[in-house]
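In this text the structure is predicted, and so the values were computed from the model without any measurement. Only heavy atoms go into these numbers, but all of them, side chains included; no hydrogens, no water, no symmetry mates. Throughout, a chain's letter reflects where its sequence line sits, starting with A, and its residues are numbered from 1.
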2 protein chains.
Amino acid sequence: MIPENIILNFGATLKQYSKERPIFNEGEQADFYYQLKTGHVKMFNLTEEGKEFVQGFFESGNSFGEPPLFGDFKYPATALTLVDSDIYLLPKAAFFDLLKLHPDIHLNFTKMICKRMIYKAKIAREVSIYPPEHRILTLLHHLKSNAKVTHHFEVPLTRQQISELTGLRVETVIRAIKKLEKTNALAIIDRKVVL
Amino acid sequence: MIPENIILNFGATLKQYSKERPIFNEGEQADFYYQLKTGHVKMFNLTEEGKEFVQGFFESGNSFGEPPLFGDFKYPATALTLVDSDIYLLPKAAFFDLLKLHPDIHLNFTKMICKRMIYKAKIAREVSIYPPEHRILTLLHHLKSNAKVTHHFEVPLTRQQISELTGLRVETVIRAIKKLEKTNALAIIDRKVVL
DNA sequence: ATGGGTATATGATTTGAATCATAAAAATAC
DNA sequence: GTATTTTTATGATTCAAATCATATACCCAT
């Protein structure tokens with residue numbers, strides 16, 4: 001996250017998006033650094049047949065869609081606002097100037113990318129060598145680790161949303177969660193998943 | 001990749017590993033930056049039942065296992081030499097000093113990480129919403145993009161290695177590659193995959 | 001409160017990749 | 001030059017998750 005005064009100094013513009021609006025689409029050339037001031041953004045892939053895979057959710061303060069800037073790549077996913085959002089747009093060249101003049105920001109950026117990298121590597125592992133229950137549990141623990149509560153964490157997601165985030169079908173998620181309940185890996189209280 | 005004279009200036013030591021030796025294990029604390037001078041290294045995850053998922057192969061010049069350095073994380077995978085290998089080890093603190101004093105190297109490093117990041121994001125997508133053929137093709141194109149040749153790229157992997165890298169079974173890989181040949185997405189010349 | 005939409009639930013069926021079994025070709029070791 | 005291992009190959013079978021088909025509980029608007 002780049003401080004507001006600095007990003008504005010380098011020529012960023014603040015753009016308003018209404019909810020459910022695309023910010024960029026998979027396959028497009030990456031020309032801007034995007035940083036969410038307020039709102040919520042979802043990044044995802046979609047097949048022709050309508051199958052969706054969610055790469056991540058972003059909230060206030062997060063930047064997103066940066067990797068393709070570092071090598072003239074196309075966006076590997078589509079970004080969409082979920083609610084009305086204000087987003088800073090910084091042209092690619094200005095972004096690089098900024099990193100050059102602010103080594104501390106560059107280092108923070110690298111740290112953030114590396115953290116995401118580790119998470120992606122974990123996901124890759126889960127998906128190919130562990131069963132659905134494991135995958136769901138990894139997601140839930142990841143969410144819990146990002147929450148403030150340390151016990152009795154009420155998962156703020158519907159089965160459908162868990163389905164989108166794991167790439168599993170809703171029915172599979174429902175059945176897997178029941179299995180996990182039986183092994184006491186989690187509890188279902190008033191239909192809510194708790195751990 | 002950090003030039004040899006520079007990495008040595010910052011106090012790196014060159015360590016010799018015989019083949020099939022672990023360099024670090026999943027779950028261990030990350031304390032060094034590793035850069036392969038000569039040899040081959042495999043990074044992978046292993047389940048209790050022996051299922052393996054390969055996160056990546058590394059060859060001369062490549063660095064590996066860097067992300068956990070940027071935040072005191074544990075290694076998310078295990079690294080193993082495949083052949084006798086010479087590896088530069090640079091202590092974490094010296095690595096950060098080096099990045100600070102060589103912004104150009106820092107930027108190159110970020111570019112490399114971002115490229116890997118895009119690849120991991122693609123993998124996550126492939127695995128959950130695309131069929132095996134698509135997944136294999138993504139791997140092969142990634143390898144090609146890292147090679148010097150721009151056409152007639154001979155894939156330097158056996159079906160078994162492709163299997164390990166994609167998490168698919170060998171038989172599935174063989175059948176998928178034949179399918180891809182039929183659609184002219186690639187060619188099989190003298191048993192080698194070419195694209 | 002009534003109706004429409006969404007979320008949860010569960011059984012039946014299909015499907016595609018894993019698994020199992022086997023063999024031949026190629027590479028490597030002896 | 002022969003034996004052994006690895007790689008490629010293919011068919012048969014199994015299995016787990018996707019898909020299909022319903023049903024019911026819950027939420028929310030009018």
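The stretch residues 154-170 of chain A comes close to DNA chain D through A:Gly167, A:Leu168, A:Arg169, each having a heavy atom under 4.0 Å from the strand. Looking at residues 176-195 of chain A, you'll see A:Arg191 sit with a heavy atom under 4.0 Å from some atom of DNA chain D.
No side-chain heavy atom of B:Phe24 sits less than 4.5 Å from a side-chain heavy atom of B:Asp31. Contact of the A:Gln16 side chain with the A:Asp84 side chain is not registered, since no non-hydrogen atoms from C-beta on lie closer than 4.5 Å. You'll find the side chain of B:Ile136 stays beyond 4.5 Å of the side chain of B:Leu139, heavy atoms only. The side-chain heavy atoms of A:Cys114 and B:Leu69, taken from C-beta on, include no pair separated by under 4.5 Å. For the pair A:Leu143 and A:Leu157, the minimum side-chain heavy-atom distance is below 4.5 Å. At least one side-chain heavy atom of A:Leu137 sits under 4.5 Å from a side-chain heavy atom of A:His141. Side-chain contact check for B:Tyr33 versus B:Glu66: some heavy-atom pair is nearer than 4.5 Å. Contact check for B:Lys74 versus B:Glu28: no side-chain heavy atoms found under the 4.5 Å cut-off.
Picking from D:dA21, D:dA17, C:dT19 the nucleotide with the shortest atom distance to the side chain of B:Glu171 gives C:dT19.
Side-chain atoms of B:Arg175 stay outside donor-acceptor range of the base of C:dG16, with no qualifying N/O pair under 3.5 Å.
Whole-Å rounding puts the B:Phe53 CZ to C:dA18 P distance at 13 Å. In this structure, B:Glu133 places its CD atom 10 Å from P of C:dG16, rounding to the nearest Å. Whole-Å rounding puts the A:Ile174 CD1 to D:dA23 P distance at 17 Å.
B:Phe96 has its ring centre less than 6.0 Å from the ring centre of B:Phe70.
Of the residues B:Arg125, B:Arg135, B:Lys122, the one that meets the side chain to side chain contact (heavy atoms under 4.5 Å, CB included) test with B:Tyr130 is B:Arg125. A ring pair (Phe, Tyr, Trp, His ring centres under 6.0 Å) with B:Phe95 is found for one member of B:Phe10, B:Tyr34, B:Phe109 and no other, namely B:Phe109.
In this model, the phosphate group of C:dA18 is approached by a side-chain N or O of B:Thr172 to a distance below 4.0 Å at OP1 or OP2.
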Would you tabulate the pairs of protein nitrogen or oxygen atoms and nucleotide nitrogen or oxygen atoms of nucleotides 28-30 of chain C closer than 3.5 angstrom?
none

